[in-house]
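Below you'll find the structure, written out as structure tokens, and then a few comments.
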Amino acid sequence: MSTSNHSPAISPSEPRFLITRLSALGDCIQTMPMVCALRRRFPTSHITWAVEKASAPLVAACAAVDRVVTLPKGLLTSPAASWQARRELLPLQIDVAIDPQGLTKSATVGWLSGAPRRIGLAAPAGREISPWLNTELVVSRRAHMVERYLELLAPLGVESPAVEFGLRSDPKAVATIRAWQQRAELTTGYAVLNPGASWDSKRWPGERFAQVAAELGRYRGLPSVIAWGSQRERILAEEIVAASAGYALLAPPTTLLELTELLRGSRLTVSSDTGPLHLAAAVESPCVGIFGTTRRELCAPYGDGNIAVQRVYDGNPARKRPGSDNWAVRAVTVEDVCEACDQLLARTESTIPGRFVALPVGRN
């Protein structure tokens with residue numbers, strides 16, 4: 001095992017790569033710039049991405065990816081699942097496996113593929129036993145996750161590449177969302193507010209989302225669409241709509257590809273640190289991210305035009321547990337978020353005076 005940022009560049013004219021970012025929608029999205037940069041450097045290469053089922057449709061929409069291998073959860077605890085993964089990956093004759101996830105399970109998939117070169121992150125970014133399963137380790141020096149993942153291409157001769165996400169539009173999803181926009185009379189523009197999150201500690205209070213929707217409607221003439229995924233999130237979204245003074249409406253049920261188009265068509269997205277926030281950034285919807293239990297330096301919505309609002313950071317490991325306290329995101333006020341929204345909207349509506357109160361809000 002070697003630790004290097006400057007190993008010799010790969011030599012085959014048509015190298016075969018495997019990406020082992022298996023889970024977490026937001027993390028998969030933040031990995032896409034690395035895959036796009038890999039494609040630009042090796043335009044005739046074949047790129048396979050191994051991922052769990054939930055994120056597979058979006059990974060398949062990345063223009064840089066040739067093939068998606070869908071893996072079951074619990075791969076490490078099921079010998080049958082591990083054997084099946086090896087049977088599917090070995091015939092691909094992978095030359096280089098790249099492990100941006102930095103966990104035992106993701107590094108194991110690279111090892112199961114039979115790839116002779118397996119590039120991963122050195123500790124502490126590379127966790128558990130992943131540094132022992134990868135053959136080349138990259139010491140991470142960048143703060144943001146997108147840029148950390150890009151550092152993994154240094155052993156292949158790729159340095160400081162441009163960032164693009166490469167998310168293609170699905171024609172059926174485009175048609176579905178455009179038809180809904182017409183029915184909802186949203187052709188002049190809308191904001192998307194996403195109140196859901198994978199951790200309870202990331203959830204900003206629903207009544208505050210309702211206040212933001214009311215402010216956007218009253219002072220910007222901008223209706224808000226409240227996004228949701230699970231049934232629990234739908235109930236929360238309906239409560240926000242009911243409390244928004246008539247300025248918000250419920251998003252339709254969406255697939256990941258339809259959500260992509262809903263966000264692509266929005267003039268603004270407001271969300272906690274969760275998958276839809278990073279999806280919005282990937283399709284260039286101006287973003288306001290609300291942070292408390294993750295560090296904005298690592299996970300802010302990527303792009304110069306986006307704003308990450310954070311007052312405090314909760315690093316308690318218990319913050320990931322169901323029912324955990326959301327005290328850190330509650331430190332972010334409605335005024336904080338509205339002021340950030342006003343800044344983003346003012347960039348495209350410079351003739352409209354700002355109404356929201358300016359506060360010394362932390363942002364990227």
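For Trp180, the CH2 atom counts as densely surrounded, since its 6.0 Å shell holds more than 12 non-hydrogen atoms of other residues, nucleotides or ligands. Within a 6.0 Å radius of CD in Glu284, other residues, nucleotides and ligands contribute 12 heavy atoms or fewer. Counting heavy-atom neighbours within 6.0 Å of Arg40 CZ, excluding the residue itself, gives a total above 12. Surrounding CZ of Arg321 are at most 12 heavy atoms belonging to other residues, nucleotides or ligands under 6.0 Å away.
Taking the six-membered ring for Trp and thresholds of 30 and 60 degrees, Phe42 and Phe17 have ring planes inclined between 30 and 60 degrees apart.
With hydrogens and angles disregarded, no donor-acceptor distance shorter than 3.5 Å links the side chain of Ser266 to the backbone of Ala191. Side chain of Asp95 to backbone of Pro15: no donor-acceptor contact under 3.5 angstrom is found. Checked by atom type and distance alone, the side chain of Thr274 never pairs as donor or acceptor with a backbone atom of Ala197 at under 3.5 Å. Put simply, the side chain of Ser201 gets close to the backbone of Arg319: a donor and an acceptor are under 3.5 Å apart. With hydrogens and angles disregarded, no donor-acceptor distance shorter than 3.5 Å links the side chain of Arg267 to the backbone of Pro286. Side-chain atoms of Ser224 do not come within 3.5 Å of backbone N or O of Ala248 as any donor-acceptor pair. Remark: the backbone N or O of Arg203 is paired with a side-chain donor or acceptor of Asn326 at under 3.5 angstrom. Of the possible polar contacts, one joining the His144 side chain to the Ala300 backbone as a donor-acceptor pair under 3.5 Å is found. A donor-acceptor pair is defined here as one N or O able to donate and one able to accept, closer than 3.5 Å; no such pair exists between the side chain of Arg142 and the backbone of Glu147. Formation of a donor-acceptor pair under 3.5 Å by the Trp228 side chain with backbone atoms of Ala251 is found in this model.
Using a 4.5 Å cut-off on side-chain heavy atoms (C-beta onward), Ile94 and Leu89 make no contact.
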| query | After noting the C-alpha distance and the side-chain angles of Trp327 and Val312, does the key distance pass the side-chain contact (heavy atoms from CB on, under 4.5 Å) rule? | reply | CA-CA 9 Å; Trp327 67 269; Val312 294; 3.5 Å; yes
Between Glu151 and Arg148, is a salt bridge (Lys or Arg N to Asp or Glu O under 4.0 Å) present by the stated rule, with each step listed?
-> CA-CA 5 Å; Glu151 287 180 303; Arg148 284 190 178 186; 5.7 Å; no
TODO: Decide salt bridge (Lys or Arg N to Asp or Glu O under 4.0 Å) for Asp342 and Arg220; before the verdict, give the C-alpha distance in whole Å, the side-chain angles of both, and the deciding distance to 0.1 Å.
DONE: CA-CA 9 Å; Asp342 198 61; Arg220 285 294 186 183; 2.6 Å; yes
I'd like to know whether Ile290 forms a side-chain contact (heavy atoms from CB on, under 4.5 Å) with Asp273, so could you lay out the CA-CA distance, the side-chain angles of the two residues, the decisive distance to 0.1 Å, and finally the verdict. CA-CA 6 Å; Ile290 303 169; Asp273 177 23; over 6 Å; no
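Salt bridge present: Arg232 and Asp200 bring a charged side-chain N and a carboxylate O closer than 4.0 Å. Salt-bridge annotation for Arg21 and Asp27: present, with a side-chain N of the basic residue lying under 4.0 Å from a carboxylate O of the acidic one.
Of all the heavy atoms in Val270 and Cys341, the pair that sits closest is CG2-SG, 3.7 Å. His278 and Pro301 make their closest contact through ND1-CA, 4.2 Å (heavy atoms, listed as atom of the first residue, atom of the second, distance).
Residues Gln101 and Thr31 bring no donor and acceptor atom of their side chains to less than 3.5 Å of each other. Between the side chains of Gln343 and Glu339, a donor-acceptor pair is found at a separation under 3.5 Å. A donor-acceptor contact closer than 3.5 angstrom links the side chains of Ser45 and Arg39.
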